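Here is how names work: the chains are called A, B, and so on, in the same order as the sequence lines, proteins then strands, and each is numbered from 1. Treat the numbers as computed from the prediction; the structure is a model and nothing was measured.
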Amino acid sequence: MSNNAWLIAALPLGAFALIALGARRSPALSAWLTILAIGLGGALSLQVLREIAAGARIEQSMEWLPLGHGLGLTVGFQVDPLTAIMLVVVTSVSLLVQIYSLGYMHGDNGYSRYYAAMSLFTFSMLGLVLANSLLTMYIFWELVGLCSYLLIGHWHERPEASAAAKKAFIVTRLGDFGFLLGILFLYWHAGTLEFRGLEEAAAAGRIPAAALTVGMLLVFCGAVGKSAQFPLHVWLPDAMEGPTPVSALIHAATMVVAGVYLMARTFPLLEHSATAMMVVAVVGGFTAIFAASMGIVANDIKRVLAYSTVSQLGYMIMAIGLGAMSAGMFHLFNHAFFKALLFLCAGSLIHLMDTNDLSAMGGLRRQRPITFIATTIAALSLAGIFPLSGFWSKDEILAAAASTNPLLFAAALATVFLTATYMFRLIFLAFLGNPRGQTHDHPEPLSMTIPLLVLIVPSVASGLLGTALFGNPFGSFLEGRAVTAEVNLPVAGISTAVALAGILLAWVLYGDGRVEASARLAARFQPVHTLLVNRYYMDHLYNGFVARIVLGFGWLSNRIDLSLIDAFVNGIGSTTISAATSMRRMQSGQLQAYAWAFFAGTVALAVVAALPLLMGTR
Amino acid sequence: MPVDFLVAGGFYTFGLASIIGAIGLIVARNVFHSALFLVVTLASVAAVFVILGADFLAAVQVLVYVGAVMILILFGLMLTPVNLEVPHLASAGQAVSGVLVAGAVFIVTTATLVSVQWPKVVGIPSDAPTTEQIGESLFTTYALPFEIASVLLLVAMIGALVIAREG
Amino acid sequence: MPPAFPPLYPITLQHGLILGAALFSIGLAGALTKRNSIVILMAIEVMLNGVNVTFVAFARQLEPAVLTGQVFALFIITVAAAEAAVGLALIIAIYHLRHSVQIDEANELQG
Amino acid sequence: MPSSCFLPAFICDPFAYVGGGLHGALGSNLAEPLPTLILSVAAVAMLTTIIAVVVMSQVWTERRVVAMMQGRIGPNRVGPSGILQPVADAVKLLMKEDIVPFGADRAIFLIAPLIVLVPSLAVWSLVPWGPGLGVADIDVGILLVLGLGAFTTLGILMAGWASSNKYALLGGMRVAAQLISYEIPLVLSAMVPVLWAGTMSLQGIVEAQRGIWNIAILPVGPVAFLLFLTAGIAEVNRSPFDLAEAESEIIAGFHTEYSGMRFALFFLAEYANSFAVGAIASVLFLGGWLGPILPPYVWMFVKAYGVFLILIWVRSTLPRLRYDQLMQFAWKVALPISLATLVITAALVSLTQGSVA
């Protein structure tokens, strides 16, 4: 099966093609095609996982663009433990989200379009995961970006949605530009783009250290954009304009982790550059705390989760930067499940209330008990409470930070505190107290409830895969060798305590759904609150300052273009015209005259060429 | 030897016929007659092809030139009936200079052909059927030109349609 | 090597080449001197045929095993057919415009 | 000598019998190319005679059969059952005055019938009458057959133009457009057996049908046969595609001005062509001279004549098409179908024979 792992990606593409070719006329058919394709893909992924666990490794590539001199571009796919894990994560979360969407998107005008885009997205994401070279990956990387654009802008009739879609696309493109430069840079130095070749080149020291650092930092730019790291994180909160299942799948569990995956994939290269590692770790750590702080004040339930996502992605990036790649991937693995669950829960509430506003919710535990329980479990997991899944991976990351960089450790701990606080603020405001808004009195469709129930399982238990208790199967699998995880008891204790303190603070402030607490706090900490609500004025910065620079630069280029380049081009044109005016007398329009001149010239040339020969013979 | 003699006889007969056809094409005052002289040339050239061992090409020559191109030309003649007979030659100066240049081309070319030492024949010219060989080289060595030629035909067909309809 | 015509018999490469040259030149003379565009088109066909004869002669005498010359002659026939189609379409279009097919009357690019 | 023929050699293959004897007799006295040359001339002369006889029988058959289908008797005065009627007609035509209309392009007017007739006779010389039996078996046979058909068009155009008669001119132009249009499906459908056999030689195509006749190759065989037959009828200007000589519209089309012997030549060519279509169709699709017990040339004749009977049947059954219908059918029906047939055949060949060699 591993030999044909590309099938996993091809299935959703097939679904997409079928929908685009005609199945779109029937929404139900579109949906079921998508679900079928992904379900099959999921089953195949599990099979691949088994084979990989048994020791199989696959890499196939074919020549795409031979450039001579032994250079050339290839496309292909590879399956190794990292890929296998990602395949399972992507297909399983996708499957649940698609099933969830059956109910959530029911009756939407763009139902088929939604499923078509979802299929295309799944294909792109799986392709990205299967890619065996930076180039192949980059192709799917951009496809993923495109799908994200399509899905964020799904309700394109809403101006905010289309603006958010554009923003996501453009901001990530900024990072992608760096990524592309990095690809070219690495190709320049290594002569190949296949991961294996790059790793060998780096290991053999064929890439100069400085070049490796620059190249990896440029590649990291791509990850910064796609995984919404500071300073390109601004698009992700806005991306919540898309349908909630999209947020759950793309902006929590899959696409945004592409950046993390990229860094994990190129980790063997990254390892060789301490500087790049440092930059990656600092950016990740800073993003973690930076985003968490904004989560505290957000009132839009999905934005809270979005900030949380950014913050957790920061965690993962930081882990990779600290050299704990498998811990980062482990966190990615766990996070995918509980964050998807959180988003689906949020979707369930939004479906019920028709609003994202936390202050309009309240007391929903009675109407949606399952959602309440699921949210609480996922939040506890996210906060890192023993023994839920988040605890294990977060603990590994914290332990790595504690042993290498105290400053980052402090930041991470603060993030743990903030995470616990804003998550439980969300829960208290949404579920406790008395209802504050109108609810639709319709029962939740089964297709929405079941994915929640299913996702609770990995949210609780997926962490066990990485515990020392069971011999850390996850880490061993990923590294391809037996790796023992040690529970760093002091760190675990401290982080649990900090998380509990965060929950306590949330209870003190917002327990029983005291929404008015927000206003009181806002008044009390006016400057900080303003700063946070305005997201550190990052968007203003981009709109005002950066945009002005860009526009100024554009103005300058325009002037240069007009006065220098155009003048030159026009000069050539006018010279040609004046030359032509003097020559046009020869152009009588008589075709035969031209032919005559042509042949007369040919004969003359032949005679001239033959003259020496004739002279010589006579 | 007698077979060789037959080949020579055929070559001179049909070569001469083709040249007579070509001259007739130019000299004829009537465009329709010109066209018929062209048929003589084309058919004779096909016969020359057979003598030179290119039987497939000869069949194609007949099929395409006589079957398609000539019919097309005659059709064109019938659709543009004005001035079918009257002015056939350009101004005297142009005619004379044109013939002079053509003659010069012939003399220069022939002089070259005669004086060049051509390489010895590689292998014996065979009269074996050529169809299969041509087909094979068309689809292997010359696959790209073949495809380009097919595209060219398509473009020409569409172009001819468009021009004829809009004109 | 002094220029010398090949003997009349037996037929060699040069016979074919000279026949090709003769056809080409006669066609050229026609193309340069006639006024009727259809006749010019036909003269050009004669030129192409001259080239084809040359190719076939080469194919037989120089590379009997490969037949490159015949393949090229085939391509020339293709091109000639395409040319005839487009050329006649143009002539008919011009005729519709001017009621004449005299080539020296069609000397403006803008109808 | 085919194994299926159990009769004495001079019946099974009289031509080879006689020809071989003659060749042996001549060869003892003359240098090599001459016996072959003399025999070839003899064969052509014999073929011409055969054609004349066959055409006469065709004319008689057609008139009788059409009459039968229309509930008439048909010619029944000259000879038993009117069997000598064609002879009488021929004599009548030959004795008529050979008129060249005033204002006609004399030379072309006189040549045109020959340009029509000669290629149709040449087609006959390519037809294989048995294994190794035929005036000429050349490597690109089918291509040459189709190419020779083009001369017919040319001759008709010449006739139409040279008559300086507007009906003749119209008829000629109609023929030209019709033949150009139908030549494409004709060639394409003829390529189906060529692809199947992997050769363009008519003998080779017949040999390739030893196992199964091409018409029986499903699903393309019957379709290609019908297409070939249809296009063939159009190529020989027979009803329902006889617009070139539609009496009700343009009198007699291109041969309006022809009379006497020259008219007879057109007439002869038309029937010779009809029979040639039958013969070529038999070669391409009906297994040519293949058949049990009877000698090959008999089988060939029977099959070709059978196809000709189909032409008669079609003629007396179907009304004449309108010109736009004719063109529409050629370009919008026959052409796409023949292309599809060709593609499917190529696929079949590559599937069943390994590769499209």
Heavy-atom distance under 4.5 Å to chain C: side chain of B:Ala68, backbone, both or neither? neither

Need one label for B:Thr41: side chain, backbone, both or neither, based on atoms under 4.5 Å from any heavy atom in chain C. side chain

At a heavy-atom separation under 4.5 Å, does B:Val45 approach chain C through its side chain, its backbone, both, or neither? side chain

Counting only heavy atoms closer than 4.5 Å, note whether B:Leu38 contacts chain C via side chain, backbone, both or neither. side chain

Rounded to the nearest 0.5 Å, how far does CD1 of B:Ile26 lie from CE of C:Met42? 11.0 Å

Hey, what do you get for OG (B:Ser18) to CD1 (C:Ile26), rounding to the nearest 0.5 Å? 7.5 Å

For side chain to side chain contact (heavy atoms under 4.5 Å, CB included), just list the numbers for C:Leu19 and B:Ile19, CA-CA rounded to whole Å, side-chain angles, deciding distance to a tenth of an Å, and then say yes or no. CA-CA 8 Å; C:Leu19 174 61; B:Ile19 289 177; 3.7 Å; yes

Distance, nearest 0.5 Å, that separates OG1 of C:Thr68 from CD1 of B:Ile134: 10.5 Å

Do you know which of B:Val60, B:Leu16, B:Leu113, B:Val69 has the most heavy-atom pairs under 4.5 Å to chain C? B:Leu113

Quick one: of B:Leu72, B:Thr109, B:Val99, who has the most non-hydrogen atom pairs under 4.5 Å with chain C? B:Leu72

Honestly, the part of B:Val105 sitting under 4.5 Å from a heavy atom of chain C is both

Residue list, side chain to side chain donor-acceptor pair (under 3.5 Å) with C:Glu45, at least two apart or on another chain: B:Tyr65

Heavy-atom cut-off 4.5 Å, strictly under: side chain, backbone, both or neither for B:Ala35 against chain C? both

Please set out all donor-acceptor pairs under 3.5 angstrom arising from side-chain atoms of residues 75-91 of chain C, sequence neighbours excluded.
residue, atom, partner, partner atom, Å
C:Thr78, OG1, C:Leu74, O, 2.8

Minimum heavy-atom distance between B:Ala22 and C:Val46, given as atom pair plus value: CB-CG1, 3.9 Å

Euclidean distance, B:Leu100 CG relative to C:Leu32 CG, rounded to 0.5 Å: 11.0 Å

What residue, out of C:Asn49, C:Leu17, C:Val39, has the most heavy-atom pairs lying under 4.5 Å from chain B? C:Asn49

Is chain C contacted by the side chain of B:Gln61, its backbone, both, or neither, given a heavy-atom distance below 4.5 Å? both

Side chain to side chain contact (heavy atoms under 4.5 Å, CB included) between C:Asn52 and B:Phe49, intermediate numbers included: CA-CA 9 Å; C:Asn52 273 353; B:Phe49 283 171; 3.7 Å; yes

Most chain C-contacting option - heavy-atom pairs closer than 4.5 Å, from B:Val64, B:Leu161, B:Ile73, B:Leu42: B:Ile73

